[in-house]
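Some notes on the structure that comes next.
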Amino acid sequence: MITILLNFRIFTVFLRLLKPVYYPKRLQNRIETIVFLCYYIFMLALKELDARRLKRISTVEYRHREKFAQYLTPVEIASFMARVTMRYFALSDTVRVLDPGAGTGILSCSLINELANHGMPAIYLDAFEIDASILSELEHTYKGFKSLKNVKYQIQKKDFITDIGTELAWGINKKYNVIIMNPPYKKINTNTIYKSVLHDISIDTVNTYSAFIAIGVKMLAENGILTAIVPRSFCNGLYFLPFRKMLYDNVAIKHLHIFESRRENFKEENVLQENIIIVLKKTADKNENVTITYSKEKQFINFLEKSVKFNEIIDKNDRQYYISIPSYNHKADETPLKYTHKDLGFEISTGPIVDFRVKEKLFYDGGNIPLLYAVHIRNRKITWPIISKKPNAIMLDDKEIEKVCFKKGYYILLKRFSSKEEKHRIQATLLTPDDLPTEYFTVENHVNIIHNNKCSLDKELAYCLVEYLNSDYCDRVFRKFSGHTQVNATDLRNMKYPDLKTMQKMRLAIE
């Protein structure tokens with residue numbers, strides 16, 4: 001069926017190249033109808049692939065899919081990724097395509113459909129897949145290519161990280177013009193074969209999805225395009241810093257697509273990770289703008305689009321290489337953020353008490369030092385003590401107090417985790433000298449604390465800063481680079497802040 005459909009596409013592309021002067025209006029209308037029908041039929045074929053995806057999800061055990069970190073791409077997303085790839089790919093007579101972790105082949109099939117729509121060059125497709133149980137599905141998808149002279153494909157049962165990583169180490173790898181992928185999502189532990197192979201090819205990363213992209217970047221030909229749907233977690237955080245730097249040094253970000261819904265993209269597999277689509281180009285030119293598109297769901301109905309400068313995505317002066325994705329309504333000339341936390345005289349730390357390590361020192365009623373958990377923060381107020389499953393205090397000696405406690409004063413507490421339904425990711429609460437009865441207190445590990453060398457903040461700074469952190473504007477700033485609900489102290493330290501006078505004005509405006 002795919003053979004017939006691709007031959008239809010070649011035929012319709014040929015007809016589109018003819019100038020209208022060569023055939024009458026009636027024939028032109030008929031040709032346009034044929035073009036539409038061909039596209040519709042091809043979409044039906046892709047829908048068939050999607051039906052096979054859903055069948056596999058329902059019939060293959062979750063443990064098996066989890067073993068391979070296998071999340072198959074829905075047809076709507078595959079088609080969009082193929083279309084957006086072609087926006088940035090300069091077509092040539094020969095195109096070498098790579099689909100690592102190919103699954104059922106829906107991504108590469110969608111891409112070849114788009115290549116056919118743009119002139120159908122000679123295509124050499126390599127598909128790598130480690131899961132032997134899905135290889136027959138992949139072959140079934142590709143079998144229609146066998147009768148096409150201009151499409152050659154090869155399916156290889158290979159581990160993309162170990163096998164291709166070894167080829168890279170020996171310098172015997174191929175180069176590709178287009179790489180399209182939905183890589184597996186799985187943590188890479190230290191002292192594993194993956195870590196060893198990646199080290200040999202100078203890749204430092206912590207997850208298989210970022211390893212796939214990093215290897216893909218090394219396999220791109222000059223001006224080649226890599227398109228991937230991946231979790232957004234690499235955009236910030238210390239663990240992905242080497243990966244972000246690698247991207248900055250080797251490719252330009254051409255396109256980012258943001259999904260408003262967490263649940264919709266892979267809902268059949270209960271994936272709640274926030275995903276983005278990213279398009280990278282193998283070039284050192286960072287002067288071109290980046291296109292950002294936004295959609296509520298995977299159907300891409302009425303999606304929004306804007307173009308921004310590259311330095312709005314990655315600030316060249318930011319040594320953390322955070323990848324910021326502005327909201328559609330964000331304006332570059334909003335409140336200027338120039339100051340670090342050190343400039344303003346405060347520090348941000350994660351609570352020093354890891355409760356399961358000091359169980360014998362915890363008290364629900366007793367102890368000499370108040371211990372604040374997230375449960376003690378209610379409606380942006382400190383409520384202590386309370387009756388709950390969490391302790392209220394800890395027993396510490398003088399040396400321990402000096403090491404892990406804070407003196408009475410003005411502090412800001414922030415929950416490290418928030419629910420997806422919260423309006424703001426950052427939720428800041430002011431702690432005043434009147435909230436606790438003792439001269440010292442400490443904080444549990446799931447709460448961040450803003451302080452001044454373990455002592456009180458300046459009172460005016462504390463009041464202004466807590467209002468700023470709870471503002472809609474600060475929430476937009478944070479969401480630009482953070483796609484998950486965890487608020488890490490590292491992210492807060494790497495943020496820039498307005499000066500005190502600006503925060504005072506914002507506070508007065510709120511009041």
message: Tell me whether Lys496 at atom NZ has more than 12 heavy atoms from other residues, nucleotides or ligands lying less than 6.0 Å away.
response: no

message: Looking at Asn445, is its backbone amide N or carbonyl O close enough to the side chain of Arg416 to form a donor-acceptor pair, meaning the two atoms are under 3.5 Å apart?
response: yes

- request: Show your working on ring-ring contact (aromatic ring centres under 6.0 Å, His included) between Tyr294 and His257 and close with a plain yes or no.
  value: CA-CA 6 Å; Tyr294 311 78; His257 182 82; 7.7 Å; no

statement: d(Ile225 CD1, Leu111 CG) to nearest 0.5 Å is 11.0 Å

- prompt: Just checking, any donor-acceptor pair under 3.5 angstrom between side chains of Asn488 and Arg493?
  reply: no

field: Side-chain heavy atoms of Ser79 within contact of Asn113, under 4.5 Å
entry: no

- request: For the residue pair Thr340 and Asp343, confirm or rule out a side-chain donor-acceptor distance under 3.5 Å.
  value: yes

message: Looking at Asp475, is its backbone amide N or carbonyl O close enough to the side chain of His424 to form a donor-acceptor pair, meaning the two atoms are under 3.5 Å apart?
response: no

query: When you look at CZ of Phe478, are more than 12 heavy atoms from neighbouring residues, nucleotides or ligands closer to it than 6.0 Å?
result: yes

query: Considering the options Phe243, Tyr185, Tyr321, Phe481, which one meets the ring pair (Phe, Tyr, Trp, His ring centres under 6.0 Å) requirement together with Phe234?
result: Phe243

- prompt: With side chains defined as the heavy atoms from C-beta onward, is the minimum distance between Pro121 and Asp93 less than 4.5 Å?
  reply: no

message: Quick one, Leu125 with Lys152, criterion side chain to side chain contact (heavy atoms under 4.5 Å, CB included). Give me CA distance, side-chain angles, the key distance, then yes/no.
response: CA-CA 6 Å; Leu125 166 64; Lys152 305 295 181 185; over 6 Å; no

- request: Examine distances only and state if a side-chain atom of Thr192 and a backbone atom of Ile188 form a donor-acceptor pair shorter than 3.5 Å.
  value: no

query: Would a distance-only check, ignoring hydrogens and angles, find a side-chain to backbone donor-acceptor pair under 3.5 Å from Asp163 to Lys158?
result: no

- request: Inspect the contact between Asp472 and Arg476 and indicate whether a charged nitrogen and a carboxylate oxygen are less than 4.0 angstrom apart.
  value: no

query: How long is the span from the NE2 atom in His341 to the OH atom in Tyr497, to the nearest 0.5 Å?
result: 7.5 Å

message: Within this structure, what is the CD1-CE distance for the pair Ile277 and Met81, rounded to the nearest 0.5 Å?
response: 5.5 Å

message: Any salt bridge linking Glu114 with Arg87? Criterion: basic side-chain nitrogen under 4.0 Å from a carboxylate oxygen.
response: no

Point-to-point distance, once rounded to the nearest 0.5 Å, from CG of Leu492 to CG of Asn448: 6.0 Å

task: Verify side chain to side chain contact (heavy atoms under 4.5 Å, CB included) between Leu280 and Ile253, making sure each step is shown before the conclusion.
output: CA-CA 5 Å; Leu280 306 171; Ile253 299 174; 3.8 Å; yes

message: Taking Glu312 first and then Lys286, would you say they form a salt bridge - that is, a charged N and a carboxylate O separated by under 4.0 Å?
response: no

- request: Tell me yes or no: between the side chains of Tyr88 and His255, is some donor less than 3.5 Å from an acceptor?
  value: yes

task: Could you tell me whether a side-chain N or O of Ser210 sits under 3.5 Å from a main-chain N or O of Thr205, the two making a donor and an acceptor?
output: no

field: Note: Lys174-Asp126 ion pair, threshold 4.0 Å (strictly below)
entry: yes

- request: Output yes when a side-chain donor or acceptor of Lys218 lies under 3.5 Å from a complementary backbone atom of Ile203, and no otherwise.
  value: no

query: Regarding Tyr322 and Asp491, is there a side-chain donor-to-acceptor distance under 3.5 Å anywhere?
result: yes

query: Less than 4.5 Å apart, any side-chain heavy atom of Ser110 and any of Phe80?
result: no

message: Ring centroids only, cut at 6.0 angstrom: are Tyr142 and Phe145 within range, meaning strictly under it?
response: yes

field: Basic-acidic side-chain contact under 4.0 Å: Lys282, Glu222
entry: no

message: Please determine whether salt bridge (Lys or Arg N to Asp or Glu O under 4.0 Å) holds for the pair Lys157 and Glu129, giving the CA-CA distance in whole Å, both sets of side-chain angles, and the decisive distance to 0.1 Å.
response: CA-CA 5 Å; Lys157 184 181 180 298; Glu129 178 54 57; over 6 Å; no

- request: Using atom types as modelled and distance alone, determine if a side-chain donor or acceptor of Ser196 lies under 3.5 Å from a backbone N or O of Ile193.
  value: no

message: Rounded to the nearest 0.5 Å, what separates atom CD1 in Ile323 from atom CD1 in Ile276?
response: 7.0 Å

message: Under a 3.5 Å threshold, yes or no: a donor from one side chain and an acceptor from the other, between Tyr194 and Asp159?
response: yes

query: Are Glu305 and Phe303 close enough, and set up right, to give a side chain to side chain contact (heavy atoms under 4.5 Å, CB included), and what steps lead you there?
result: CA-CA 7 Å; Glu305 181 174 323; Phe303 73 88; 4.1 Å; yes

query: Does Asp99 reach the main-chain N or O of Met181 with its side chain, forming a donor-acceptor pair under 3.5 Å?
result: no

query: Side-chain donor-acceptor pair under 3.5 Å between Ser108 and Tyr153, yes or no?
result: no

message: Working to the nearest 0.5 angstrom, can you tell me the gap between Tyr468 OH and Tyr473 OH?
response: 5.5 Å

task: Test side chain to side chain contact (heavy atoms under 4.5 Å, CB included) on Cys474 and Met495 and set out the steps.
output: CA-CA 10 Å; Cys474 183; Met495 283 175 60; 3.9 Å; yes

query: Do Thr283 and Asp285 have side-chain N/O donor and acceptor atoms under 3.5 Å apart?
result: no

query: Between the side chains of Thr85 and Thr227, does any donor sit under 3.5 Å from an acceptor?
result: yes

- prompt: Below 4.5 Å, heavy atoms only, C-beta onward: do Ile123 and Leu115 meet side chain to side chain?
  reply: yes

- prompt: Any chance CG of Asp249 has more than 12 other-residue heavy atoms, nucleotides or ligands included, within less than 6.0 Å?
  reply: yes

query: Is the backbone of Ala78 close enough, under 3.5 Å, to the side chain of Arg83 for a donor and an acceptor to pair up by distance?
result: no

- request: Tell me, yes or no, whether the heavy-atom count around Tyr239 atom OH, taken from other residues, nucleotides or ligands under 6.0 Å, exceeds 12.
  value: no

task: Without swapping roles, check the side chain of Asn250 against the backbone of Met246 for a donor-acceptor pair under 3.5 Å.
output: yes

message: What I'd like to find out is whether the side chain of Thr293 reaches to under 4.5 Å of the side chain of Leu304, using heavy atoms alone.
response: no

